[in-house]
Novice: 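Questions regarding the structure given below will be posed in turn.
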Amino acid sequence: MRRVIAIIAIIVTAVLLQSTVFSQLQLLGVRPELLYLVTILIALNEGPSEGAIVGFTCGLAQDMFLDQPMGITALTLTLLGYAVGMARQYIVSPSPLVPTIVVAVATALGVGFYEIVTYLLGQFDAGFTYAVKVALLTAAYNAVLTPILSPLLRRIVEGSRPRRVVRL
Amino acid sequence: MAARSGPRNTRLLVVGLVVLSLTIITVDYREGDSGPLAAMGRSARTFMAPLQEAVTNATRPVGNFFSGVAHLPSLAQENTDLKAQVADLQARIDATSQIELQNQELLDLLNLKRIYPTGIPAVVIAKSPSNFSSSMTIDVGSDAGIKENQPVVTGSQDGARLVGIVASVTTNSADVRLLIDQSFNVAGKLASSGAIGLVQGNGDQDLTMQDIPATTKFPPSGTPESVFTVSYHVGDQHGRFPPNILIGTVSKVYEGVQPDAQVSISPAVDFSSLETVLVLPTVDGSGS
């Protein structure tokens, strides 16, 4: 229960920051995608099941604040959380740069997938160049935020994990 | 959380969530604003609006600083232009502070309200979280009489400037689709010739005005040309905006485009620093 509350608190805080503080922090017209970052980092730490559940919840939360059909971000982040969670078993390098690189690549792919789905649903009017620009800049932006947010998220998630009691 | 499950259970979970997402997309797409999911979204926005307002108020100075840093390239050009005026203005500048700027903005809004006495003043509490839509959230909703499709403006007694239109409303907040959103359309009129065309949002780029008659005469290059809203009514149908609200100034003319002329328009409003707006009643008189 503690864990669910901790993750819901993370998601609500992320939505709040994304719609207020980070909506003003545009770099070349692009904002970071905090909900993508939360999904990727949790999937990277906790695996595919939690990645998918947190991704779905994050996506649905963000969808409620968008002026387009609900569920598109939920679909994107569910698949992104699952894919990153599955990919972590192939990551063997202990380098501290790994989370940053994973976040950059996964954000670019996630935003790209979101753009394709919105395009197919007739909700994306911008051109191909703009789509690529947004995917790459968002990836770079999220990568820059990773060293700041990754330890914080890991501490919260691990702190909320149920403690194992060993009886002798 | 179902964290330590086997691969088969995980796959089933993901398939379930994907199917759920697709169901949500389909239901929301079909039901539109009247469906249960839209109502859920409105409830969530109602719940979050006070939190967003508090966070925005607390972080506005920091946000403004970073916003300024992000706009450095355009500020550099603006700075060059303004340097020529600094000598004249120096004597008049005693002190500028955040409170004075806010005070000025509120005075402008008060003056604007004298022109539109039924307008409802509002404070911007959040901006779109997405890179693919340009909208903002204001701190008044249906409780204050806000309805969908009401025009939103800013400016002063010298004249109103178009901000956007109310796209959706909750009891205590409303989402405003901005003029620069790619799905935004408004009929515009060139000040010098009176030629009418369709102005469309273009994201970060300047607005585009199309369908201008090819015979339109434009003022010589360098002469500022303003674009205003134009109102119309055909039978019972009215245009969505009152006339003579400033949309922006022409930044580029494409006269060779056939069969009609086309221009780019620089918006009159700086959306990155917008803090207060006035919501006008709809042209047909509904709304507040």
Side-chain angles (χ1 to χ4, degrees), chain A residues 3-4 7 12 15-31 33-35 46-50 52-56 59-76 78-79 82 85-86 111 114-115 117-118 121 123-126 130 134 138, chain B residues 1-5 7 9-11 13-14 17-18 20-29 37-38 40-45 48 51-53 55-56 59-60 62-64 66-67 69-71 73 125-133 135-137 167-168 175 177 181-183 203-204 272:
Chain A
R3 191 162 177 73
V4 175
I7 292 199
V12 171
V15 171
L16 198 56
L17 292 176
Q18 178 73 28
S19 63
T20 53
V21 181
F22 285 91
S23 66
Q24 295 183 57
L25 302 186
Q26 292 192 17
L27 191 65
L28 300 174
V30 176
R31 306 172 180 89
E33 290 283 4
L34 208 52
L35 280 305
E46 304 297 317
S49 293
E50 248 178 80
I53 293 170
V54 170
F56 177 79
L60 201 58
Q62 176 144 323
D63 279 333
M64 288 181 185
F65 293 84
L66 298 180
D67 184 21
Q68 54 185 283
M70 218 179 270
I72 304 175
T73 320
L75 175 66
T76 305
T78 300
L79 293 173
Y82 176 68
M86 290 299 286
V111 173
Y114 176 89
E115 288 165 341
V117 175
T118 47
L121 289 172
Q123 302 288 320
F124 188 75
D125 299 325
Y130 180 74
V134 170
T138 312
Chain B
M1 312 289 287
R4 306 283 176 259
S5 48
N9 286 346
T10 303
R11 275 198 295 274
L13 171 73
V14 172
L17 290 175
V18 167
L20 185 58
S21 300
L22 293 173
T23 308
I24 290 171
I25 294 171
T26 310
V27 171
D28 195 43
Y29 203 80
L37 292 167
M40 201 169 79
R42 280 194 293 275
S43 302
R45 290 200 296 272
M48 290 291 273
L51 296 174
Q52 288 174 320
E53 187 172 4
V55 173
T56 299
T59 61
R60 182 159 274 156
V62 181
N64 286 347
F66 282 107
S67 180
V69 171
H71 287 88
I125 57 171
K127 292 181 180 167
S128 171
S130 168
N131 284 307
F132 303 102
S133 69
S135 64
M136 63 185 194
T137 308
S168 64
D175 280 346
R177 185 175 300 133
D181 189 86
Q182 290 175 340
S183 62
D204 282 344
S272 65

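Here is how names work: the chains are called A, B, and so on, in the same order as the sequence lines, proteins then strands, and each is numbered from 1. Computed over heavy atoms, backbone and side chain alike; hydrogens, waters and symmetry mates excluded.
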Novice: Checking A:T76 against chain B: side chain, backbone, both or neither under 4.5 Å from a heavy atom?
Specialist: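 Contact with chain B: none, neither part.
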Novice: With respect to A:Y82, which candidate in B:V18, B:T10, B:L17 satisfies the side-chain contact (heavy atoms from CB on, under 4.5 Å) definition?
Specialist: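 Option passing the side-chain contact (heavy atoms from CB on, under 4.5 Å) with A:Y82: B:T10.
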Novice: Which one, A:T78, A:L17, A:L79, A:L16, leads in non-hydrogen pairs under 4.5 Å with chain B?
Specialist: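 Option with the top pair count is A:L16.
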Novice: Supply the atom-to-atom distance B:D28 CG to A:D63 CG, rounded to the nearest 0.5 angstrom.
Specialist: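 Rounded to the nearest 0.5 Å, the CG-CG separation comes to 8.5 Å.
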Novice: List the residues meeting side-chain contact (heavy atoms from CB on, under 4.5 Å) with A:L121, not counting sequence neighbours, and say none if there are none.
Specialist: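 For A:L121, the residues satisfying side-chain contact (heavy atoms from CB on, under 4.5 Å) (neighbours in sequence not counted) are A:I72, A:V117, A:Q123, B:I25.
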Novice: Do you know which of A:A61, A:P69, A:A74, A:S19 has the most heavy-atom pairs under 4.5 Å to chain B?
Specialist: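 Most heavy-atom pairs under 4.5 Å with chain B: A:S19.
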Novice: Compute whether any side-chain donor of one residue and acceptor of the other, for B:T56 and A:T20, lie under 3.5 angstrom apart.
Specialist: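 Their side chains do not contain a donor-acceptor pair, so the 3.5 Å distance test is not met.
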Novice: Heavy-atom distance under 4.5 Å to chain B: side chain of A:V134, backbone, both or neither?
Specialist: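 Contact with chain B involves the side chain of A:V134 alone.
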Novice: Would you call B:D175 and A:F65 a side-chain contact if the rule is heavy atoms closer than 4.5 Å?
Specialist: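 In short, these two side chains do not touch, never coming nearer than 4.5 Å.
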Novice: Side chain from CB out, backbone as N, CA, C, O: work out which of these in A:Y114 comes under 4.5 Å of a heavy atom of chain B, or both, or neither.
Specialist: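 When you check distances to chain B, only side chain atoms of A:Y114 fall under 4.5 Å.
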Novice: Using non-hydrogen atoms only, which part of A:V12 is less than 4.5 Å away from chain B: side chain, backbone, both, or neither?
Specialist: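 Looking at A:V12, backbone and side chain both touch chain B.
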Novice: Please classify the contact between B:I125 and chain A as side chain, backbone, both or neither, with a heavy-atom cut-off of under 4.5 Å.
Specialist: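 For B:I125, the contact with chain A is made by the backbone alone.
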Novice: For the pair A:M70 and B:V27, evaluate side chain to side chain contact (heavy atoms under 4.5 Å, CB included) and give the outcome as yes or no after the intermediate values.
Specialist: CA-CA 9 Å; A:M70 218 179 270; B:V27 171; over 6 Å; no
Novice: Checking B:D181 now: which residues fulfil side-chain contact (heavy atoms from CB on, under 4.5 Å) with it, not counting sequence neighbours?
Specialist: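 B:D181 satisfies side-chain contact (heavy atoms from CB on, under 4.5 Å) with B:S133, B:S134, B:R177, B:S183, B:F184 only.
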Novice: What are the two closest heavy atoms between A:M64 and B:A44, and how far apart are they?
Specialist: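 For A:M64 and B:A44, the tightest heavy-atom pair comes out as SD-CB, 3.4 Å.
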